Amino acid sequence: MSRALLAAAAVCLTSAAAPAQTLVVRNNHEMPYRGPVQIAVLLPDGRYEGPDGTVAEVRGGVARLVTSLPAGAGAAFARRGPVGGPPAFRDGPLSVAPGAGGRIALRWAGRELGALDL
């Protein structure tokens with residue numbers, strides 16, 4: 001995942017580890033959030049399941065999941081077992097990163113795709 005996307009997710013969401021190997025993700029903002037989340041955690045590697053069958057994966061101290069949270073809401077993901085097989089969440093070909101002059105650089109498979117100027 002790109003650093004800009006990770007930074008946006010970190011601003012929108014926080015996590016905490018509860019004693020029963022639970023990943024808690026919370027949207028601390030006044031607007032809903034739907035999308036990928038990648039955050040550092042102090043949890044054992046494994047497969048974590050949340051509401052509505054949502055799955056989170058923890059590998060090497062990093063939790064990855066795709067979630068949908070209303071404003072001010074949170075979700076708890078309980079550990080259901082070890083991680084099985086190859087990573088369920090992988091970086092894709094699209095990357096977004098800060099560019100020159102405040103622009104946002106877009107790349108596809110390492111090739112420059114364009115830039116956003118806000």
Side-chain angles (χ1 to χ4, degrees):
M1 284 191 190
S2 71
R3 289 181 187 221
L5 181 58
L6 296 177
V11 170
C12 294
L13 303 164
T14 60
S15 77
Q21 296 183 343
T22 301
L23 170 67
V24 178
V25 180
R26 181 159 185 80
N27 178 354
N28 291 319
H29 293 277
E30 297 176 2
M31 62 182 165
Y33 177 79
R34 180 181 175 138
V37 178
Q38 179 174 317
I39 46 180
V41 294
L42 297 173
L43 290 169
D45 287 3
R47 173 183 158 87
Y48 292 73
E49 291 181 11
D52 303 326
T54 305
V55 175
E57 181 179 271
V58 174
R59 287 182 188 248
V62 178
R64 294 174 179 88
L65 63 135
V66 177
T67 190
S68 180
L69 292 172
F77 295 79
R79 188 170 189 274
R80 297 291 184 221
V83 177
F89 299 94
R90 300 179 199 181
D91 290 346
L94 177 65
S95 66
V96 180
R103 291 183 169 183
I104 299 172
L106 303 173
R107 293 189 186 332
W108 186 268
R111 275 189 21 234
E112 187 171 337
L113 184 62
L116 299 173
D117 192 2
L118 305 174

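Bear in mind that the values here come from a model prediction, so they are computed numbers and not experimental data.
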Please give me the minimum heavy-atom distance between [X] and [Y], naming the atom from each residue.
X: Asn27; Y: Pro70; value: ND2-O, 3.5 Å
X: Ala75; Y: Leu69; value: CB-CD2, 3.9 Å
X: Pro51; Y: Ala76; value: CD-O, 3.6 Å
X: Glu57; Y: Val83; value: OE1-CG1, 3.9 Å
X: Arg64; Y: Gln38; value: NE-OE1, 3.5 Å
X: Gly72; Y: Arg26; value: O-NH2, 2.6 Å

**Asked** Hey, does Val37 have a side-chain heavy atom less than 4.5 Å from the side chain of Val66?
**Response** no

**Any donor-acceptor pair under 3.5 Å from Asp52 side chain to Thr54 backbone** = no

**Message:** So does Gly60 get a backbone contact from the side chain of Asp45, meaning a donor-acceptor N/O pair under 3.5 Å?
**Reply:** yes

**Item:** Residue pairs fulfilling side chain to side chain donor-acceptor pair (under 3.5 Å) with at least one residue in residues 103-118, sequence neighbours excluded
**Value:** none

**Asked** Looking at residues at least two apart in the chain, or sitting in another chain, which of them share a side chain to side chain contact (heavy atoms under 4.5 Å, CB included) with Pro44?
**Response** Gln21, Tyr48, Arg79

**Request:** Under the side chain to side chain contact (heavy atoms under 4.5 Å, CB included) rule, collect the residues that match up with Ala63, sequence neighbours excluded.
**Result:** Leu23, Ile39, Val41, Val58

**Request:** Would you kindly confirm whether Leu113 and Leu116 end up in one hydrophobic cluster when ILVMFWY residues are joined by side chain heavy atoms under 4.5 Å apart?
**Result:**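 Yes, Leu113 and Leu116 fall within the same hydrophobic cluster.
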
**Message:** Would you compute the distance between atom OG1 of Thr22 and atom CZ of Phe77 and round it to the nearest 0.5 angstrom?
**Reply:**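 Going from OG1 on Thr22 over to CZ on Phe77, the span is 11.0 Å.
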
